[in-house]
**Q** 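There's a structure below that I have some questions on.
Remember, it's a predicted structure, so these values are computed and weren't measured experimentally. Lettering of chains follows the sequences in order, A, B, ..., and the numbering in each one begins at 1.
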Protein chains: 2
Amino acid sequence: MRDAMEQEAEDAPIRMGAITDSLGFLIRLAQIKAFDNFFENLGDHGLKPGEFTVLWVIGLNPGLRQGSIANTLRIKPAHMTKLTARLVQRGLVTRKTPKSDRRAVRLYLTEEGSGFVEAHRENFLSFNFTEKDNLSQEEADQLTSLLKKFTGLNACH
Amino acid sequence: MRDAMEQEAEDAPIRMGAITDSLGFLIRLAQIKAFDNFFENLGDHGLKPGEFTVLWVIGLNPGLRQGSIANTLRIKPAHMTKLTARLVQRGLVTRKTPKSDRRAVRLYLTEEGSGFVEAHRENFLSFNFTEKDNLSQEEADQLTSLLKKFTGLNACH
DNA sequence: CGGATTTAGTTTCCGCGTAAACTAAATTTT
DNA sequence: AAAATTTAGTTTACGCGGAAACTAAATCCG
């Protein structure tokens, strides 16, 4: 009833061949899933994963230069400028140019920013857990550890 | 010499706290790395990972509907339209509207498209390997398997 | 010192991917 | 069979992220 080679039948299984073993492809899928989970759990506060991460790092390193953060989090300078502007505009972050180097920009959390991180810390950290849907705790730990190795997070850049 | 709490010294180690264990963050880093590797190894042919993947799947399933591919590869319809247009424009793919359903669009590789996939198959598959930089073969396999589980690639959607 | 280079960040412009609204065709309902 | 609904794909408008060119300040060097 249906053509042998051509995919005329809608319900025919779709062959994916070797891409199902492609790290690049799998990582892209994982990215999508992680993103979905993020919004399911803390979409309400209106920040995106990247923004939250920046906020987090500023909280841990008040006064860090904008460029250092960009470098650490693998965000490009051009993007960092806009991202920072957004956070400032929301009143979560302040920029300060030190007298010692008037090119530089140092970042600090505002009161509100501090409160924000404090308020969402649990949610943000649990976001690591809720997205482990299909994984046991051990598997999740293993995945985390392998990704760290793969990305060279330990060895720094 | 430097302020205790503030990050006045440039070379001070940057604290990242719990995000180094955040799957979402790690996956983003992995994504960036995979992307870099892709372009290092086959950036010359001018296709991006997503485009190559689509080409690949069409090759394995000639005549598949555009929407089915989008669904399988988690590409949104709106994007799929543009992506397909690009591939058609490069002469790698042809679109065909079957008489049985004049809304649908079926996709096929052209001669050139077939040749293209054929020519880059090795490169494309080895792309899985070259990006395993920091990982042993066993670790890479393990990572692949965990990502499959995490993304639910086995269980389908 | 004063010109050349480097460094920090910004601005402009562009492409990718998405959401929402839309067009057209098939299907369901009555 | 006509109206309502669903389905397939496209169009439009927008935001995110990046590359390249730029501005301004600091450093290097003769």
Side-chain angles (χ1 to χ4, degrees), chain A residues 7-8 10-11 24-25 28-29 31-36 38-39 43 46-54 63-90 93-107, chain B residues 7-8 10-11 24-25 27-29 31-36 38-39 43 46-54 58 63-90 93-107:
Chain A
Q7 211 73 12
E8 300 291 318
E10 296 309 288
D11 51 354
F25 178 65
R28 184 177 147 265
L29 291 186
Q31 171 85 284
I32 293 171
K33 182 174 170 64
F35 208 74
D36 287 351
F38 181 86
F39 283 115
L47 286 196
K48 267 142 279 169
E51 295 168 334
F52 207 109
T53 306
V54 169
L64 197 57
R65 271 194 314 99
Q66 187 173 303
S68 300
I69 297 181
N71 203 38
T72 306
L73 300 180
R74 304 278 263 125
I75 295 170
K76 293 292 184 298
H79 184 213
M80 193 66 196
T81 297
K82 296 184 220 175
L83 211 161
T84 303
R86 259 179 271 155
L87 293 175
V88 169
Q89 216 246 322
R90 284 178 207 238
V93 166
T94 47
R95 312 163 84 252
K96 201 183 105 187
T97 298
K99 285 168 232 74
S100 61
D101 186 344
R102 290 177 39 236
R103 297 168 304 178
V105 173
R106 291 182 179 284
L107 300 178
Chain B
Q7 212 73 13
E8 300 291 318
E10 297 309 289
D11 50 354
F25 177 65
I27 288 170
R28 185 179 146 263
L29 291 187
Q31 171 85 284
I32 293 171
K33 183 174 170 62
F35 208 72
D36 286 352
F38 181 85
F39 284 114
L47 286 195
K48 266 141 280 165
E51 295 169 334
F52 208 108
T53 306
V54 169
I58 298 175
L64 199 56
R65 272 195 311 99
Q66 187 172 303
S68 299
I69 296 180
N71 203 38
T72 305
L73 300 180
R74 304 277 264 127
I75 296 170
K76 293 290 186 296
H79 184 212
M80 192 66 198
T81 297
K82 294 188 218 175
L83 213 163
T84 302
R86 259 180 271 154
L87 294 175
V88 169
Q89 215 248 320
R90 283 178 207 238
V93 166
T94 47
R95 312 164 83 252
K96 200 182 107 187
T97 298
K99 287 169 229 72
S100 60
D101 185 345
R102 288 178 39 235
R103 297 168 304 177
V105 173
R106 292 183 178 281
L107 299 178

**Q** Report the residues that fulfil side chain to side chain contact (heavy atoms under 4.5 Å, CB included) with A:T84, sequence neighbours left out, ordered by chain and then residue number.
**A**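 In terms of side chain to side chain contact (heavy atoms under 4.5 Å, CB included), with neighbours along the sequence ignored, A:T84 is linked to A:Q66, A:M80, A:V88, A:R95, A:L107.
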
**Q** Could you check how far CD1 of A:I32 sits from P of C:dC16, rounded to whole Å?
**A**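 After rounding, the gap between these two atoms is 17 Å.
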
**Q** Can you check the A:R74 CZ to D:dA19 C1' distance for me, whole Å?
**A**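 Whole-Å distance recorded here is 16 Å.
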
**Q** Report the residue (A:R28 or A:A104) whose heavy-atom-nearest nucleotide on DNA chain C is the more 5′ of the two.
**A**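 Residue closer to the 5' terminus by nearest nucleotide: A:A104.
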
**Q** Nearest 0.5 Å, what's the CD1-NZ distance between A:I75 and A:K82?
**A**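 Here the rounded value is 12.5 Å.
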
**Q** In whole angstrom, what separates A:F39's CZ from C:dA19's C1'?
**A**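 Rounding to the nearest Å, CZ of A:F39 and C1' of C:dA19 are 13 Å apart.
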
**Q** Taking only residues two or more places apart in sequence or in another chain, which ones pass side chain to side chain contact (heavy atoms under 4.5 Å, CB included) with B:A104?
**A**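 For B:A104, the residues satisfying side chain to side chain contact (heavy atoms under 4.5 Å, CB included) (neighbours in sequence not counted) are B:R65, B:P98, B:D101.
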
**Q** Holding to side chain to side chain contact (heavy atoms under 4.5 Å, CB included), I want the full list of residues that pass it with A:E51, two or more places apart in sequence or in another chain.
**A**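 Side chain to side chain contact (heavy atoms under 4.5 Å, CB included) list for A:E51, sorted by chain: A:L47, A:K48, A:L83, A:R86, A:L87, A:R90.
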
**Q** Ignoring backbone atoms, test whether B:R65 places a side-chain nitrogen or oxygen under 4.0 Å from the OP1 or OP2 oxygen of D:dG9.
**A**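 B:R65 to D:dG9 OP1/OP2: side-chain N or O found under 4.0 Å.
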
**Q** Evaluate side-chain contact (heavy atoms from CB on, under 4.5 Å) for B:V54 paired with B:V93, printing each intermediate quantity in order.
**A** CA-CA 10 Å; B:V54 169; B:V93 166; over 6 Å; no

**Q** What is the distance, rounded to the nearest whole Å, between atom NZ of A:K96 and atom P of C:dG9?
**A**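 Spelled out: NZ on A:K96 to P on C:dG9 is 14 Å.
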
**Q** What is the distance from atom CD of A:Q31 to atom CZ of B:R74, rounded to the nearest 0.5 Å?
**A**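 Rounded to the nearest 0.5 Å, the CD-CZ separation comes out at 12.0 Å.
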
**Q** What distance do B:T94 atom OG1 and B:R106 atom CZ have between them, rounded to the nearest 0.5 Å?
**A**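 Interatomic distance, B:T94 OG1 to B:R106 CZ, rounded to 0.5 Å: 12.5 Å.
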
**Q** Could you run down nucleotides 10-17 of chain D 5' to 3' and tag each one B, S or - for protein heavy-atom contact under 4.0 Å?
**A** BB-B--SB

**Q** Can you name the nearest heavy-atom pair linking A:A34 to B:G24, along with the distance?
**A**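 Smallest heavy-atom distance, with atoms named: CB-CA, 4.2 Å.
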
**Q** I'd like a table of atom pairs between the protein and nucleotides 21-27 of chain D - only N or O on both sides, under 3.5 Å - with the distance next to each one.
**A**
from, atom 1, to, atom 2, distance (Å)
D:dA25, OP1, A:R102, NH2, 3.1
D:dA26, OP1, A:R102, N, 2.9

**Q** Write down the distance between CD1 (B:I75) and C1' (D:dA8), rounded to a whole number of angstrom.
**A**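 Taking CD1 of B:I75 and C1' of D:dA8, I get 16 Å after rounding.
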
